[in-house]
Amino acid sequence: MTKKNLTEKELLESMTSYTAHSDELSEVSIKEWTEMLEKAELIALNDADFEKFVTYLSSGTEPAKVEALKKLFKLKAPWE
């Protein structure tokens, strides 16, 4: 059986943010996961600030940033 060496173009053709570097993913230990969660900061908004945030997202102001945020919020979390 002969092994075909893929070109860089062929390797990159079907690569997405979900498939890139999948061979380099490792399991996270419970200790590492716990340390990460302990460092996480909760973002809590009162009703007024939440409304400001939603208004900002809905406004036409800086469309590239708003669209980037909307796209980010639609992404599935890597652990899901």
Side-chain angles (χ1 to χ4, degrees):
M1 177 186 265
T2 330
K3 224 177 183 181
K4 179 185 177 194
N5 291 325
L6 298 173
T7 65
E8 184 177 353
K9 181 181 178 184
E10 291 171 321
L11 288 171
L12 295 175
E13 267 178 358
S14 62
M15 188 178 292
T16 68
S17 59
Y18 293 104
T19 59
H21 307 290
S22 62
D23 57 329
E24 296 176 14
L25 292 178
S26 62
E27 289 186 27
V28 178
S29 71
I30 294 174
K31 181 182 178 213
E32 291 172 318
W33 185 253
T34 305
E35 288 171 0
M36 181 198 67
L37 289 175
E38 287 172 351
K39 292 177 186 174
E41 293 182 37
L42 176 66
I43 299 174
L45 301 174
N46 60 35
D47 290 343
D49 288 337
F50 178 77
E51 287 304 318
K52 286 180 191 175
F53 180 66
V54 170
T55 302
Y56 175 76
L57 292 177
S58 302
S59 72
T61 315
E62 301 182 58
K65 288 183 180 178
V66 172
E67 289 307 311
L69 277 174
K70 287 180 182 178
K71 187 176 178 181
L72 176 66
F73 290 147
K74 289 180 183 177
L75 289 178
K76 188 175 182 180
W79 54 84
E80 290 180 346

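Numbering of residues begins at 1 and proceeds along the displayed sequence. Basis for what follows: all heavy atoms, side chains included, without hydrogens, waters or symmetry-related copies.
Counting heavy atoms of neighbouring residues, nucleotides and ligands inside a 6.0 Å radius, atom CG of Asp49 exceeds 12 of them. Other residues, nucleotides and ligands place more than 12 heavy atoms under 6.0 Å from the CG atom of Leu37.
Atoms CG and NZ, from Leu72 and Lys70 in turn, are 13.0 Å apart once rounded to the nearest 0.5 Å.
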